[in-house]
Protein chains: 2
Amino acid sequence: MNDALGAAERLCAERGVRITPARRRVLELVWQRHAPVGAYDILSEMQRDAEKDGKPGAKVAPPTVYRALDFLMEQGLVHKVESQNAYIGCSHPEGSHDCGFLICRECGSALEIEDGELSDLLKTLASKHGFEARSSTVEIEGLCPSCKSQAA
Amino acid sequence: MNDALGAAERLCAERGVRITPARRRVLELVWQRHAPVGAYDILSEMQRDAEKDGKPGAKVAPPTVYRALDFLMEQGLVHKVESQNAYIGCSHPEGSHDCGFLICRECGSALEIEDGELSDLLKTLASKHGFEARSSTVEIEGLCPSCKSQAA
DNA sequence: GCTTCACTGCAATAGTATAATGTTTCATAT
DNA sequence: ATATGAAACATTATACTATTGCAGTGAAGC
């Protein structure tokens, strides 16, 4: 998972879109955790960066982060976890993006899952109601294996 | 659907919990639309109420609305639509609460769907990863039947 | 009557996201 | 090299969503 950045750069090159420093840094920060990260956590980190770089005047503002996140989501490199208003790196940027998450209520970790049967069922359910599905959000909250065993 | 309030009062009585004026009013406002309602829309309505009632001093504040929403969600009378940070009345308050939504990107309407097969599949997927599922969020965004035909 | 506990009122603040506007950067074609 | 146009970025302000903490109130049970 550590070379997510390399993979991302390759993908962007293929697609002819630019991965700028701000976008790269946001992607990097999103990937540094295995749990969803809030936009303002990213913002704080980047503001700290700027200070360290001796550019106290150049303050990073929310739109910088949100624009980068929008771009990364468009490119399928990052997903938003709706139930937490937080963001997480996509673990298979090359493939389809019809996926779900298993989110641990204890440790906050989120595992991305992809399942053909689930995608099919969601489409079927939608069309059963005459509904044309475009995208879907599936988030399951509960206890991950390690937190479950600790709780026992 | 119009007697959702009556049903709610019955349910609360059975369970020995109180449905106070604030909670009743919030439930009423949530039910008045077929689309998800934001907490601050509810808040504005209730502030207008208070003014009309000639109680200009008694301002309704956010916690009043959020506390009522929390209560109503605990009782399964209202669901939160995570992808919109909005709330919607539950169409089968007596039954299970493992449900999903079909959300129209055009008109904003949201249809609640419940499906045993989907619930089962979600549980199966979770346990396949050693995950203990507690609750799930399923939201499908797309075009509802009437907006779909208009777009054609 | 008194206690207790859930509920509410109120003020402040935290956290998430976008609008509006102007400026910079960069690839490309001259 | 340089003009140009599109994409990206900076900046400020503001809108929207949600929570915390504490004080007061009122009804149910003793």
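To find a chain, count down the sequence lines: A is the first, B the second, and so on, and within it residues start at 1. If you're wondering where the values come from, they're calculated on a predicted model, not measured in any experiment.
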With a 4.5 Å cut-off on side-chain heavy atoms, are [Y] and [X] touching?
X	Y	value
B:F131	A:K148	no
B:D98	B:S136	yes
B:M46	B:I42	yes

### Nucleotide nearest B:R23 when distance is taken to its side chain, options C:dT8, D:dA18, D:dT11
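In terms of side-chain proximity for B:R23, the closest of C:dT8, D:dA18, D:dT11 is C:dT8.
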#### Entry: Shortest side-chain distance from A:T20, nucleotide among C:dT8, C:dT16, D:dA8
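The listed nucleotide nearest to A:T20's side chain is D:dA8.
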Output the rounded distance in Å from [atom1] ([X]) to [atom2] ([N]).
X	N	atom1	atom2	answer
A:I42	C:dG15	CD1	P	15 Å
A:L72	D:dC9	CG	P	10 Å
B:L69	D:dT19	CG	P	10 Å
A:Y66	D:dA10	OH	C1'	17 Å
B:E82	C:dA17	CD	P	12 Å
A:D70	D:dA7	CG	P	16 Å
B:D41	D:dA15	CG	C1'	13 Å
B:L43	D:dT19	CG	P	14 Å

### Task
Tell whether B:Y40 reaches the base of D:dA18 with its side chain through a donor-acceptor pair below 3.5 angstrom.
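In this structure, the two groups form a donor-acceptor pair.
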### Query
Starting at the 5' end of DNA chain C, which residue's closest nucleotide do you reach first, B:T64 or A:N85?
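The 5'-side residue here is B:T64.
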#### Entry: Under-4.0 Å side-chain N/O to phosphate OP1/OP2 contact, B:K80 with D:dT17
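Negative; the distance criterion is not met.
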### Query
In terms of the nearest nucleotide of DNA chain D, which residue is placed more toward the 5' end: A:A61 or A:P21?
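Here A:P21 is the residue nearer the 5' end.
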### Task
Take atom CZ of A:R33 as the centre, draw a 6.0 Å sphere, and report whether it contains more than 12 heavy atoms from other residues, nucleotides or ligands.
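Check fails, neighbour count at 12 or below.
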Contact list (N/O, under 3.5 angstrom) for nucleotides 21-30 of chain D vs protein:
none

Can you give me every donor-acceptor pair (side chain of residues 77-84 of chain A, partner residue at least two apart or in another chain, under 3.5 Å) with its distance?
unit_1 : atom_1 : unit_2 : atom_2 : d
A:H79  : NE2    : A:E112 : OE2    : 3.3
A:S83  : OG     : A:E139 : OE1    : 2.6

### Task
Would you mind classifying the nucleic acid contact of B:F71 as base, sugar-phosphate or nothing, using non-hydrogen atoms under 4.0 angstrom?
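B:F71: no heavy atom of the nucleic acid under 4.0 Å.
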### Task
Could you tell me whether B:R105 and B:E141 make a salt bridge, using a distance below 4.0 angstrom between a side-chain N and a carboxylate O?
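Looking at B:E141 together with B:R105, the answer is yes, because their closest N to O distance falls below 4.0 Å.
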### Task
Kindly say whether B:Q75 contributes a backbone atom to a donor-acceptor pair with the side chain of B:R15 at under 3.5 angstrom?
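Indeed, once roles are kept as given, a pair shorter than 3.5 Å links the two residues.
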